[in-house]
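Notes follow once the structure below has been shown.
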Amino acid sequence: MSQAYSPKDIEKKWQDIWDEEKAFRAGEDYNKPKYYALVEFPYPSGQGLHVGHPRPYTALDIIARKKRLQGYNVLYPMGWDAFGLPTENYAIKNKIHPEVVTKNNVAHFKEQLKSLGYSFNWDREVNTTDPEYYKWTQWIFLKMFEKGLAYKTEMPINWCTSCKVGLANEEVVNGVCERCGNEVVRKVKSQWMLKITAYADKLLEGLEEVDYIEKVKTSQRNWIGRSVGAEVDFKIAGKEDSLKIFTTRPDTLFGATYMVISPEHPLVDKYKEEIKNWNEIIAYRETAAKKSDFERTELAKEKTGVMVDGLCAVNPVNGKEIPIWISDYVLMSYGTGAIMAVPAHDERDWDFAKKFGLPIIEVVAGGEVQEKAFTDVATGKLVNSDFLDGLEVAEAKKKIISWLEEKGIGKQKVNYKLRDWVFSRQRYWGEPIPLVKCEKCGYVPIPESELPLMLPKVDSYMPTDNGESPLAAMTDWVNTTCPCCGGKAKRETDTMPQWAGSSWYFLRYTDPHNTKEFASKEALNYWMPVDWYNGGMEHTTLHLLYSRFWHKFLYDLGLVTTKEPYQKRTSHGMILGENGEKMSKSRGNVVNPDDIVAEFGADTLRTYEMFIGAFELSAAWSKEGVKGCRRFLERVWKLQDMVDEKEEGYSKELETKMHQTIKKVSQDFESLKFNTAIAAMMSLVNEFYRLNRVTKGEFKSLLILLNPVAPHMTEEIWQIIGEKERIYQTVWPEYEEEKTIENEVEIAVQVNGKVKATIKVTLEEEQDSVKEKAMQAASVKGAVENKTIVKEIYIKGKIYNIVVK
RNA sequence: GCCGGUGUGGCGGAAUGGCAGACGCGCCAGACUCAAAAUCUGGUAAUGGCAACAUUGUACGAGUUCAAGUCUCGUCACCGGCACCA
């Protein structure tokens, strides 16, 4: 009899052996076929690992282990995205240096990950807060600065009132800070920006050539928000100036009955003297400025605005004078900050026109424009539009654009919703921006030889109330000399956002100890692109977009060899609490992976998280479900006692099922269907129990198939049954297609589409013989008797259907 | 409002247009046990019937098909994302 299954005794043992034998080291033999599997590296928070973490980690660990058994040189690395606010806040509260906090958290995380038996390449571990790492983050930033992609500008930014820090648009959720949930207001500040908009088209086009799950592609497309339209100049009546607008519906130009400009539009100031209701305008502008984004969204239903009294615009297509209004439904940050309003065919303009009694002129027939804006572009023909009359919308668009271009008053134009990336943070725990400001030379990069620009030790990590980084208080550090002219200069005191370090970490893994380059050409050439990258949906428009941008920038400099960093991107679903709600301390439904490992073992946790349901969907935790998986592993463990030592290969009675299982498990692992792969193995084990016997060959194949899911236990059994090598050194089993096919199958016999009986037939069986067998079944006979057979459908190996009348 | 996703037993969930409910949980019964737990074996969609069997059944309503959870059209509910983007 075998020993009882005791994960406690075997899991640590094998983790140590794997470490010692460097079992999962990614090799430097660049002639072997490679496979690069990547999971998003975690932020090492003080709370430690959550049961949500192991889901994606286990999934790609399975892929990595399987690929190794299939002969690939596999890179499956892990590291730490360790800069960030929670660490800094913890440091402030407890007066411990963030570096120390990070060190402790990383140690804890690493221990937890190790206890789960992942086959990470620990010798390639990276940490974004390591100066040897952020040296290259700074280096890449300087490249962007050199190429004009990093610039400083005064602009209204999203300011978190609680974190006292500027946020990127992507970090503002429903008008509140993504991190702390406090209100975000607009504040004009001088900020470093990265010109991600310069890559908008490349980021869009790149999506065509990669294998991302559809919803990720869609979200990125929506976020970039490309729209094609026209830019048109409207002359200001009696002035030299004109008002430039952007529209996606140039075809409706004849229906423009007024114009709206955003409250911040510079034209308002320019004609201050001529505006009769200046006080009213100023008052409106002030109210609009005071509104936070949150309020603006909340109040979005009701339109407000003020007419600019004293200025008029001229509609270029018909020369009519139309009034100009200001309203905060027009944003300065999109398009030109001014629109032509066509109330008949735009809902917002319609609302506005109704409220202020402005004329509504129909120019596309097909709706009741006095009742509701008619926005359909697929049906309807142009009316009241002179030379456009009778055309369909698409034709009219083309015609009017060429007309505008001919007359020199407008042209085709593409706009994006994507904004440039606010790249500075007024915080301590981030990469220092390696620039100095010289009175004479402006912003000057520090020389490459001085990288990394180390984060200096400060007395207090608290951000200052005037919104400056704590680094600003360090006069010794701040005051320096200009690398260019040698004169007096001051260092930039803002730091980079958390997204900086994670924008290129996948490149560093290919060559993590390189001191001369961020990674060698050879390493990049061999390992890139990442073959499979899995991560959370919440990073689709943040990390995933940012890192594609950095990668494409490096590609344009010839520093990386692939256009896209990630060949394939998938996303895992969340693990919810037992009550089906999101796990949180306040709900009291948090499950700690350490407890599960202690009670059931890492292999059980891994198996359970893969068996819990479809990988991409969220799933609720179930302690009973965990027990079921432990039971399955116990059943596999006890198969040791049923092994028939005499037979090596597969038994006759199970040969087909063995080949089928190998096929199913191999395919399901690749397509993220871990739950059905495990179900297939369970089913196979049930079959062994039914027969109360398993051949050695069958058992060994099962162990290898199960190894990626439950590596410790399978490794232990492998040793117990006397195998000399490790299971991780063995080879993934092959199946033969023809052996997966059963020669005798059970098919359903239907009468008028209803199942009446099942019969056993061979795959090649002819219809006559099938019919004969079918008619022997009483239920079939009964259903057919005294009726006329109209039609018979027989599909070999599938179905036999008799249609009667 | 727009975009995406989901809807199947008591529960988690399976099903290239071809026997709906694989596999697991729970539950019921049997074996083992003095007993319980653990383990093993069998059963388990609903309704009716002693039964064999019959009927119904994949959110709802139509449709295509010999055959629909799966395809088409429409409706509803829930979840997620975006949202005055001209």
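Every chain is numbered from 1, with letters handed out A, B, ... down the list of sequences.
When heavy atoms are screened at a 4.0 angstrom cut-off, T540(A) is found touching no nucleic acid atom at all. Within 4.0 Å of E746(A), counting heavy atoms only, lies at least one base atom of the nucleic acid. At the heavy-atom level, Q750(A) lies under 4.0 Å from base atoms of the strands shown. G628(A) comes within contact range of the sugar-phosphate backbone alone, with a heavy-atom separation under 4.0 Å but no base atom that close. No contact: S622(A) has no heavy atom under 4.0 Å from any strand.
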I'd like a table of atom pairs between the protein and nucleotides 9-15 of chain B - only N or O on both sides, under 3.5 Å - with the distance next to each one.
unit_1, atom_1, unit_2, atom_2, d
G12(B), O2', I612(A), O, 3.0
A14(B), OP1, N675(A), ND2, 3.1
A15(B), OP1, K673(A), NZ, 3.2

Please enumerate all protein N or O atoms sitting under 3.5 Å from an N or O of nucleotides 52-56 of chain B, with distances to 0.1 Å.
unit_1, atom_1, unit_2, atom_2, d
U56(B), OP2, K754(A), NZ, 3.1

Using atom names, set out every protein N or O paired with an N or O of nucleotides 41-43 of chain B below 3.5 Å, distance rounded to 0.1 Å.
none

All N/O contacts under 3.5 Å from nucleotides 2-4 of chain B to the protein, with atom names and distances to one decimal?
none

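With sequence neighbours excluded, the residues that form a side-chain hydrogen bond (donor to acceptor under 3.5 Å, both in side chains) with K355(A) are E302(A). Applying the side chain to side chain contact (heavy atoms under 4.5 Å, CB included) rule to E616(A) yields the partners I213(A), L672(A); only residues at least two apart in sequence or on another chain are considered. Listed by chain and residue number, nothing satisfies the ring pair (Phe, Tyr, Trp, His ring centres under 6.0 Å) test with F611(A) (two or more places apart in sequence, or in another chain). With sequence neighbours excluded, the residues forming a side-chain hydrogen bond (donor to acceptor under 3.5 Å, both in side chains) with R285(A) are D269(A), listed by chain and number. In terms of the side-chain hydrogen bond (donor to acceptor under 3.5 Å, both in side chains) criterion, residue partners of T58(A) (sequence neighbours excluded) are, by chain and number, Y118(A). A search for side-chain hydrogen bond (donor to acceptor under 3.5 Å, both in side chains) contacts involving D603(A) returns H712(A), not counting sequence neighbours.
In RNA chain B, runs of at least 3 consecutive Watson-Crick or G-U pairs, each pair with both distances below 3.5 Å, span B:1-7 with B:76-82, B:10-12 with B:23-25, B:26-31 with B:39-44, B:45-48 with B:53-56, B:59-63 with B:71-75.
When distances are taken from the side chain of K638(A) to each of C66(B), A86(B), C40(B), the shortest belongs to C40(B).
Atom C1' of nucleotide C84(B) and atom CE of M332(A) are separated by 16 Å, given to the nearest angstrom. In this structure, the CG atom of N752(A) is 8 Å from the C1' atom of C66(B), given to the nearest Å.
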Could you pull out every donor-acceptor pair under 3.5 Å between side chains of residues 675-688 of chain A and any protein atom, sequence neighbours left out?
unit_1, atom_1, unit_2, atom_2, d
T676(A), OG1, D668(A), OD2, 2.8
T676(A), OG1, K673(A), O, 3.0
S683(A), OG, K657(A), NZ, 3.0
N686(A), OD1, R635(A), NH2, 2.9
E687(A), OE1, R690(A), NH1, 2.9

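Of the listed residues (K244(A), K411(A), K413(A)), just one forms a salt bridge (charged side-chain N to carboxylate O under 4.0 Å, His left out) with D233(A), and that residue is K244(A).
On the P atoms, G12(B) is 35 Å away from U64(B), given to the nearest whole Å.
Under the 3.5 Å distance criterion, the side-chain polar atoms of E670(A) are left unmatched by any main-chain donor or acceptor of Q667(A).
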